[in-house]
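To start, the structure itself, in structure tokens.
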Amino acid sequence: METSGKVIKCKAAVIWEAGNALSIEEVEVAPPKAHEVGVKIVATGICRTDDHVLKGAFPNIDYPVIAGHEGAGIIECVGPEVTCVKPGDKVIPLCVPQCGECSCCLSPKANCCLKSHLCESQNLMPDKTSRFSCKGKQIHHFLWISTFSEYTVMPDSAIARIDAAAPLDKVCLFGCAFSTGYGAAINTAKGSTCVEPGSTCAVFGLGGVGLSVVMGCKAAGASRIIGIDINKDKFGKAKELGVTECINPQDFTKPIQEVLVEMTGHGVDYSFEVIGCTDTLMAALLSCHLGYGTCVLVGEPPSGSQISFDPLLLFTGRQWKASLIGGWKLKDSLPKLVSDYMNKKCNPDALITHTLPFDKINEGFELLWAGKSIRSILLF
Ligand code: COD
Ligand code: ZN
Ligand code: ZN
């Protein structure tokens with residue numbers, strides 16, 4: 001990284017247009033404005049959501065864009081009026097911010113901050129401008145954090161300060177995969193579900209997020225965790241992490257929900273959809289007990305998708321819920337989750353299957369496409 005004046009020149013992976021490979025470029029990053037911080041990213045994971053951006057399947061993306069949302073780094077500089085962090089602090093960028101002032105942030109039942117890219121443009125900073133440029137062109141931000149850049153700028157509501165001793169090449173997973181999956185299973189309050197001891201759970205999709213759901217179910221004391229995936233290579237690690245039985249829908253002629261209902265008598269207590277597909281979301285709903293089963297949507301289905309279903313499926317007492325980034329208010333929760341990791345109360349290290357230099361980012365995506373990686377961590 002080379003500093004010249006206040007604009008920082010650094011390396012970033014730019015997606016010039018949907019469908020293309022990422023291209024490593026030297027980008028210019030303007031200094032943080034009021035209530036913004038500049039972060040030197042040390043490590044970043046590759047999530048399926050970044051692949052959706054690369055392929056053009058993520059809603060409302062403007063290209064060129066710098067993706068990445070599962071990072072960890074060090075505060076390089078802060079703009080005016082920033083009080084929550086200082087240069088040198090270790091931080092995790094938040095893919096859902098916490099402004100602390102909106103009705104969702106003030107409610108104990110919600111974590112969907114209204115002063116966020118969920119309600120405003122996600123491709124520009126809150127003031128509707130970009131800090132990134134390359135070859136004279138404006139480059140867009142992603143989820144306000146763009147961690148596929150050696151140095152990036154974000155609002156101070158989208159940053160959590162963590163333990164100075166935390167290993168950044170591991171805790172970057174708290175920025176997305178681990179928090180999303182683990183929280184979906186263990187969170188009690190805030191409208192999220194909570195798996196009770198002795199529960200039977202079904203987890204659809206055994207990627208990084210699905211395996212984090214598995215870890216959450218296990219931590220909550222589930223006695224039976226059934227993992228469902230069309231890639232049987234995912235079964236070994238799933239069993240290591242707590243799955244008690246693995247099934248591949250392609251091994252059956254009947255629908256997978258019927259298989260699950262037969263396996264459990266009347267359906268599971270909790271089912272989690274961690275694929276992001278409407279078919280598997282329906283299958284997950286139909287797999288859970290008609291009187292007291294809860295189906296939790298974790299994966300995001302393609303934008304514009306619709307489901308029509310018989311309302312009587314819920315009439316008997318089934319519940320259908322969703323969990324956004326595990327239900328956590330991230331700015332408050334991530335420092336505590338990282339402390340739990342430092343105190344060995346939770347450990348997502350097993351999700352890391354590959355560690356690569358940042359320049360090999362395209363290789364990281366190839367591993368994801370081939371179904372060979374759970375998480376590839378890129379190091380600057
Ligand atoms: N049946 C069974 N398994 C399937 C099927 C199917 N029809 N299709 C795919 N799978 C399996 C794949 O083999 C794979 O093992 C797994 O499902 C998906 O894993 P990954 O590694 O592709 O994906 P993850 O775990 O990195 O992410 C999955 C999400 C669904 C969570 C992600 O794509 C998503 O939707 N994110 C948005 C929701 C959210 O809260 N995101 C927070 C920031 S990402
Ligand atoms: Zn993600
Ligand atoms: Zn808010």
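Indexing begins at 1, ligand by ligand and atom by atom, following the structure's order. If you read the sequence from its start, that first residue is 1, and numbering goes on from there.
In terms of modelled atom types and a separation under 3.5 Å, the side chain of H117 and the main chain of C95 share a donor-acceptor contact. Looking only at distances, no side-chain donor or acceptor of K234 sits under 3.5 Å from a matching main-chain atom of D229. The main-chain N or O of S146 is never found under 3.5 Å from a side-chain atom of S149 such that the two would form a donor-acceptor pair. Here the side chain of T244 pairs a donor or acceptor atom with the backbone of I225 at under 3.5 angstrom. Put simply, the side chain of D163 never gets that close to the backbone of S339: no donor and acceptor are under 3.5 Å apart. When atom types are taken as modelled, the side chain of K218 and the backbone of L241 share no donor-acceptor pair closer than 3.5 angstrom. Judged by distance alone, the side chain of E81 and the main-chain N or O of H35 form no donor-acceptor pair under 3.5 Å. Between the side chain of S179 and the backbone N or O of F174 there is at least one donor-acceptor pair closer than 3.5 Å.
Remark: ligand 1 atoms within the under-4.0 Å shell around heavy atoms of H52 are 33 (O). Of all the atoms in ligand 1, the ones that sit under 4.0 Å from a non-hydrogen atom of G205 are 16 (C), 17 (O). Remark: ligand 1 atoms within the under-4.0 Å shell around heavy atoms of G299 are 30 (C), 35 (O). Short contacts between ligand 1 and C47, defined as distances under 4.0 Å to a heavy atom of the residue, involve ligand atoms 44 (S).
Contact between G208 and ligand 1 is present, with at least one heavy atom of the residue lying under 4.0 Å from the ligand. Residue contacts with ligand 1 do not include E70, since none of its heavy atoms lies under 4.0 Å from the ligand. Using a 4.0 angstrom heavy-atom cutoff, E273 does not count as in contact with ligand 1. Using a 4.0 Å heavy-atom cutoff, C277 is absent from the residues neighbouring ligand 1.
The Zn ion (ligand 2) lies at the vertex of an angle of 120° between the SG atom of C47 and the SG atom of C176 (rounded to 10°). Taking the Zn ion (ligand 3) as the apex, the angle formed with SG of C99 and SG of C113 is 100°, to the nearest 10 degrees.
At a threshold of 2.8 Å, the Zn ion (ligand 3) has a backbone or side-chain N, O or S atom of C102 nearer than that distance. At a threshold of 2.8 Å, the Zn ion (ligand 2) has no backbone or side-chain N, O or S atom of C95 nearer than that distance.
Checked by atom type, the side-chain pair S133/R131 shows no donor-acceptor distance below 3.5 Å.
Counting heavy atoms under 4.0 Å from ligand 1, residue L211 does not touch it at all.
Atom 13 (O) of ligand 1 has its closest protein heavy atom at D229 OD1, 2.6 Å. The nearest protein atom to atom 6 (C) of ligand 1, hydrogens excluded, is given as I275 CD1, 3.8 Å; this is a heavy-atom distance. What sits closest to atom 25 (O) of ligand 1 on the protein, heavy atoms only, is V209 N, 2.9 Å. Nearest protein heavy-atom contact of atom 38 (C) of ligand 1 is V298 O, 3.4 Å. Annotation: atom 36 (N) of ligand 1 to nearest protein heavy atom, T49 OG1, 3.1 Å. In this structure, the protein non-hydrogen atom closest to atom 7 (N) of ligand 1 is T280 CG2, 3.8 Å. Scanning all protein heavy atoms for the shortest distance to atom 19 (O) of ligand 1 gives G207 CA, 3.3 Å. Remark: minimum distance from atom 20 (P) of ligand 1 to any protein heavy atom is reached at R48 NE, 3.8 Å.
From D349, atom CG reaches atom NZ of K170 across 5.5 Å, with rounding to the nearest 0.5 Å. From Y182, atom OH reaches atom CG of L211 across 14.5 Å, with rounding to the nearest 0.5 Å.
Of the listed options L297, V274, I256, V274 places a heavy atom closest to atom 18 (C) of ligand 1. Counting only non-hydrogen atoms, the option in R375, E300, K234 that gets closest to atom 26 (O) of ligand 1 is R375.
Closest of all the heavy-atom pairs between Q138 and L124 is NE2-CD2, 3.9 Å. Taking all atoms of both residues into account, the shortest heavy-atom contact from M342 to A165 is CE-O, 3.4 Å.
Considering backbone and side-chain N/O of N231, none are found under 3.5 Å from N/O of ligand 1.
The distance between the ring centers of F142 and F148 does not fall below 6.0 angstrom.
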